[in-house]
Amino acid sequence: MRDPKDLLHEYLQRSRDAMLWKLEGLPERDLRWPHTPTGTNLLGLVKHLAGVELGYFGDTFGRPSPVQLPWMSDDAPDNADMWATAEESVDDVVGLYRQAWAFSDATIAELDLDSPGRVPWWRAADVTLHHVLVHVVAETSRHAGHADIVREQIDGAAGLRTGATNLPRRGERWWADYVERLKEVADGAG
């Protein structure tokens, strides 16, 4: 039987890798462009997840973050973590995310799953590393799903990861027919 901590860590890393794969090969404008009415953009999702990891695997366990996050200050504008400023390059944001991984990985390696922590921004704040790992895996996977949809809107690239999309291998005509069939069903249901 696999070690539960190793398994959770593996799933976290898979979702991290998926997030960065969704950035590959796109021009900077597409990485920054807001693709939803709430401004969801690929680079912002990565920036947000860097802050998530630094907070949950840092503050929660009394481990100060190695990076000051300006968007965490009391006077930061709403959603400041969900987009990259003009001064924040793609390399800066990706580098911050990788730095957050290293910091988080050290916390995960050093603590047992039942190690206690306290999430300052939660009402029921007492947690364990196990709880935090599950939470961050879920949050990262959720945002990887957002990234899947945004990337598909940009250039049609879809799927789980390079070389293993988990999508049926069909041509453009099959996909167009499939989408039309779904539209017909939806129209018939409405």
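Note that the structure is a prediction, hence the values are computed from the model and not measured.
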Between [atom1] of [X] and [atom2] of [Y], what distance do you get to the nearest 0.5 Å?
| X | Y | atom1 | atom2 | answer |
| --- | --- | --- | --- | --- |
| Leu8 | Ile108 | CG | CD1 | 9.0 Å |
| Gln153 | Thr36 | CD | OG1 | 8.0 Å |
| Arg14 | Thr140 | CZ | OG1 | 14.0 Å |
| Leu133 | Tyr11 | CG | OH | 14.0 Å |
| Lys5 | Asp114 | NZ | CG | 10.0 Å |

Under 3.5 Å donor-acceptor, [X] side chain and [Y] backbone:
| X | Y | answer |
| --- | --- | --- |
| Asp105 | Ala102 | no |
| Arg151 | Lys22 | yes |
| Asn79 | Met82 | no |
| Arg32 | Ala84 | yes |

Here's a test for you: under side-chain contact (heavy atoms from CB on, under 4.5 Å), which of Thr40, Ile149, Leu42, Val150 qualifies with His35? Val150

Between [X] and [Y], which heavy-atom pair has the shortest distance, and what is it?
| X | Y | answer |
| --- | --- | --- |
| Leu20 | Arg98 | CD1-NH2, 3.4 Å |
| Arg16 | Ser104 | NH2-CB, 3.6 Å |
| Gly51 | Leu69 | CA-CD1, 3.8 Å |
| Tyr56 | Thr60 | O-CB, 3.0 Å |
| His143 | Leu45 | ND1-CD2, 3.6 Å |
| Leu113 | Thr128 | O-CB, 3.4 Å |

Can a donor-acceptor pair be found between the side chains of Asp112 and His130 at a distance below 3.5 Å?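 No - no donor-acceptor pair under 3.5 Å links their side chains.
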
Would you say the side-chain atoms of Ser73 and Asp75 include a donor-acceptor pair closer than 3.5 Å? yes

Would you say the side chain of [Y] lies within less than 4.5 Å of the side chain of [X], judging by non-hydrogen atoms?
| X | Y | answer |
| --- | --- | --- |
| Leu129 | Phe57 | yes |
| Trp83 | Glu88 | no |
| Ile154 | Leu31 | no |
| Trp71 | Lys47 | yes |
| Trp174 | Arg169 | no |
| Glu53 | Gln99 | no |
| Val127 | Arg118 | no |
| Met72 | Leu54 | no |

If hydrophobic clusters are built from ILVMFWY residues whose side chains come within less than 4.5 Å, do [X] and [Y] share one?
| X | Y | answer |
| --- | --- | --- |
| Val93 | Trp21 | no |
| Leu26 | Val94 | yes |
| Phe61 | Val67 | no |
| Leu96 | Trp101 | no |

Could you walk me through whether Asp187 and Lys183 pass the salt bridge (charged side-chain N to carboxylate O under 4.0 Å, His left out) test, one step at a time? CA-CA 6 Å; Asp187 282 340; Lys183 288 179 181 178; over 6 Å; no

Ring geometry between Tyr178 and Trp175 (parallel below 30°, tilted from 30 to 60°, perpendicular above 60°): perpendicular

Taking side chain to side chain contact (heavy atoms under 4.5 Å, CB included) as the definition, give me every residue that meets it alongside Glu152, ordered by chain and number, with sequence neighbours left out. Ala158

Any salt bridge between Asp177 and Arg173, counting N to O under 4.0 Å? yes

Counting only heavy atoms not in Asp126 (residues, nucleotides, ligands), do more than 12 fall under 6.0 Å from its CG? yes

Is it the case that Arg63 places NZ or CZ above or below the six-membered ring of Phe103, under 6.0 angstrom from the centre and within 45 degrees of the axis? yes

